[in-house]
Amino acid sequence: MSAIIRVEHLRKVYKVGHEKVVALNDINLSIEQGEICCIVGPSGSGKSTLLNQLAGLEKPTRGSVYIGKHNISQMSEQELAKFRQAHLGFIFQSYNLLPSLTAAENVALPLMFKGVPRKQRMELAVQELKRMGLGKRAGHKPTEMSGGQQQRVGIARAFVSKPKVIFADEPTGNLDSQTTKQVLYRMLNMAKEHNITFVMVTHERELSAVADRIITIKDGNVESNLVLDEASKQAAKQEMFRDILEKQMPDEPNTNQPLQK
């Protein structure tokens with residue numbers, strides 16, 4: 001594999017009144033193509049700031065972030081917007097669905113920005129919702145769905161255009177433990193199926209056991225950058241997703257298969 005994300009001497013400093021707060025301090029790391037990467041750390045450690053830097057949502061004070069051959073740190077806001085539309089996907093803790101649109105219309109939004117004709121993008125959106133077990137909810141608006149269903153709509157929206165990288169910021173933070181497992185299972189399977197690099201910030205360290213790489217942030221520094229061995233990952237996946245693998249999920253055909261590397 002080759003690195004799709006590279007971070008070189010990344011530093012981020014915020015001004016708070018007359019004080020300077022160092023959120024990230026000389027970060028150097030790389031994430032390989034197709035990896036599932038979890039960024040973990042205590043509250044205030046800088047993990048969400050790092051995710052924002054990787055996604056080009058904030059400019060660094062110093063240093064560079066590369067996605068592929070592109071130095072996104074040097075891009076203008078207009079260039080970044082076009083780059084994100086073309087290559088990146090996002091999953092948010094608060095779902096970020098438009099309440100006036102149906103589930104299918106929300107999922108189709110990234111395709112609209114890419115110029116895909118309405119009929120085609122709606123067909124693709126419905127297909128993606130079916131893969132998420134939400135085919136019967138395609139015409140429902142967010143207020144007509146549970147939190148777990150809304151998050152699955154958000155996941156479908158992130159994956160529908162098959163981006164190179166998907167960034168997820170605490171995507172299961174508002175969900176109960178069982179729904180968290182179902183949502184995580186779907187995200188990981190879809191990322192592996194399409195060789196999408198998946199970078200997730202989570203405060204629930206036990207969720208990171210199913211990742212390929214765990215980056216631990218503490219006080220703005222990389223405390224550890226651990227690549228998990230295949231045996232450990234498979235054992236963790238079998239344990240975490242045991243109930244899901246043993247029975248059919250709600251609203252979904254029984255097509256569950258154990259996660260592959």
Side-chain angles (χ1 to χ4, degrees), residues 2-7 10 12 30-37 39 48-60 64-129 131-132 134 138 141-142 150-171 183 186-188 190-201:
S2 59
I4 189 170
I5 298 174
R6 289 185 295 115
V7 178
L10 185 68
K12 181 63 179 178
S30 63
I31 298 171
E32 303 297 310
Q33 172 68 46
E35 274 191 334
I36 306 296
C37 175
I39 301 174
S48 290
T49 301
L50 177 58
L51 187 79
N52 289 342
Q53 295 289 320
L54 298 181
L57 298 176
E58 294 183 24
K59 290 285 188 181
S64 302
V65 175
Y66 291 86
I67 296 182
K69 297 179 180 179
H70 303 275
N71 185 347
I72 65 170
S73 307
Q74 294 183 349
M75 290 182 179
S76 67
E77 288 303 319
Q78 185 176 11
E79 289 170 335
L80 273 170
K82 290 181 179 179
F83 184 83
R84 285 194 290 262
Q85 288 175 9
H87 302 294
L88 308 182
F90 297 88
I91 302 171
F92 305 95
Q93 180 178 351
S94 56
Y95 319 139
N96 281 23
L97 304 179
L98 296 180
S100 61
L101 301 184
T102 65
E105 289 168 338
N106 268 287
V107 172
L109 280 175
L111 299 174
M112 181 181 72
F113 295 134
K114 287 191 170 185
V116 178
R118 176 176 170 78
K119 182 180 179 181
Q120 183 182 354
R121 67 177 183 257
M122 293 302 291
E123 289 174 351
L124 290 170
V126 171
Q127 289 175 16
E128 207 67 35
L129 285 168
R131 296 184 68 225
M132 294 300 296
L134 292 173
K141 292 185 177 180
Q150 289 183 62
Q151 189 59 298
R152 280 189 274 166
V153 173
I155 295 168
R157 178 182 58 192
F159 278 93
V160 71
S161 60
K162 305 302 182 289
K164 292 181 179 178
V165 184
I166 290 179
F167 296 100
D169 191 3
E170 301 278 9
V183 165
R186 286 176 166 89
M187 290 190 294
L188 299 188
M190 292 172 71
K192 287 299 184 184
E193 180 181 348
H194 298 288
N195 196 33
I196 294 171
T197 305
F198 189 83
V199 183
M200 178 176 72
V201 162

Query raised in the report: Knowing that exactly one of Leu54, Asn52, Leu51 qualifies, which makes a side chain to side chain contact (heavy atoms under 4.5 Å, CB included) with Val201?
Result: Leu51

Query - Closest non-hydrogen atom pair, Met200 against Pro171 - result: SD-CG, 3.5 Å

Query raised in the report: Roughly how far, to the nearest 0.5 Å, is the CD1 atom of Ile155 from the CZ atom of Arg186?
Result: 8.0 Å

Query raised in the report: Taking side chain as C-beta onward, heavy atoms only, is Leu57 less than 4.5 Å from Phe167?
Result: no

**Report entry** CD1 on Ile4 to CG on Asn195, rounded to 0.5 Å
**Finding:** 8.5 Å

Query raised in the report: What distance do Ile72 atom CD1 and Tyr66 atom OH have between them, rounded to the nearest 0.5 Å?
Result: 11.0 Å

Report summary line: Scanning both residues in full, the closest heavy-atom pair of Ala191 with Ile36 reads CB-CD1, 3.7 Å

Query raised in the report: For the side chain of Arg84 and the backbone of Gly56, is there at least one donor-acceptor N/O pair under 3.5 Å apart?
Result: yes

Query raised in the report: Can you find a heavy atom in the side chain of Ile196 that is under 4.5 Å from one in the side chain of Pro163?
Result: yes

**Report entry** Expected output: side-chain Gln85 to main-chain Lys114 donor-acceptor under 3.5 Å
**Finding:** no

**Report entry** Closest non-hydrogen atom pair between Val160 and Val107, with its separation
**Finding:** CG1-O, 3.3 Å

Report summary line: Separation between OG (Ser64) and CD (Gln53), nearest 0.5 Å, reads 11.0 Å

Query raised in the report: Does Ala3 offer a backbone N or O that forms a donor-acceptor pair with the side chain of Gln33 under 3.5 Å?
Result: no

Report task. May I ask you to test the Ile67-His87 pair for a side-chain heavy-atom distance under 4.5 Å? Result -> no

Requested in this report: Flag the pair Val153 / Met132 as yes when at least one side-chain heavy-atom distance between them is below 4.5 Å, and no otherwise.
Outcome: no

Query raised in the report: Once you round to the nearest 0.5 Å, how far does CG of Leu50 lie from CD of Glu58?
Result: 10.5 Å

Query raised in the report: How far apart are the closest heavy atoms of Val126 and Ala138, and which atoms are they?
Result: CG2-CB, 4.3 Å

Report task. Kindly state whether the ring of His194 and the ring of Phe159 have centres lying under 6.0 angstrom apart. Result -> no

Query raised in the report: Are the charged groups of Glu128 and Arg131 less than 4.0 angstrom apart, N to O?
Result: yes

Query - Arg6 side chain near Ser30 side chain, heavy-atom distance below 4.5 Å - result: yes

Requested in this report: List the atom of Leu129, the atom of Ala156, and the distance in Å for their closest heavy-atom pair.
Outcome: CD2-CB, 4.2 Å

Report summary line: d(Lys82 NZ, Met75 CE) to nearest 0.5 Å is 11.5 Å

Would you list the atom pairs, donor with acceptor, under 3.5 Å between side chains in residues 92-106 and any protein atom, with sequence neighbours excluded?
{"unit_1": "Gln93", "atom_1": "NE2", "unit_2": "Asn174", "atom_2": "OD1", "d": "3.2"}
{"unit_1": "Ser94", "atom_1": "OG", "unit_2": "Asn96", "atom_2": "OD1", "d": "2.9"}
{"unit_1": "Thr102", "atom_1": "OG1", "unit_2": "Glu105", "atom_2": "N", "d": "3.2"}
{"unit_1": "Thr102", "atom_1": "OG1", "unit_2": "Glu105", "atom_2": "OE1", "d": "3.4"}
{"unit_1": "Glu105", "atom_1": "OE1", "unit_2": "Thr102", "atom_2": "N", "d": "2.9"}
{"unit_1": "Asn106", "atom_1": "OD1", "unit_2": "Leu98", "atom_2": "N", "d": "2.8"}
{"unit_1": "Asn106", "atom_1": "ND2", "unit_2": "Leu98", "atom_2": "O", "d": "3.1"}
{"unit_1": "Asn106", "atom_1": "ND2", "unit_2": "Leu101", "atom_2": "O", "d": "3.3"}
{"unit_1": "Asn106", "atom_1": "ND2", "unit_2": "Thr102", "atom_2": "O", "d": "3.1"}

Report summary line: Scanning both residues in full, the closest heavy-atom pair of Ile91 with Ala158 reads CG1-CB, 3.5 Å

Query raised in the report: Does any N or O in the side chain of Lys12 come within less than 3.5 Å of the main-chain N or O of Lys59, such that one atom is a donor and the other an acceptor?
Result: yes

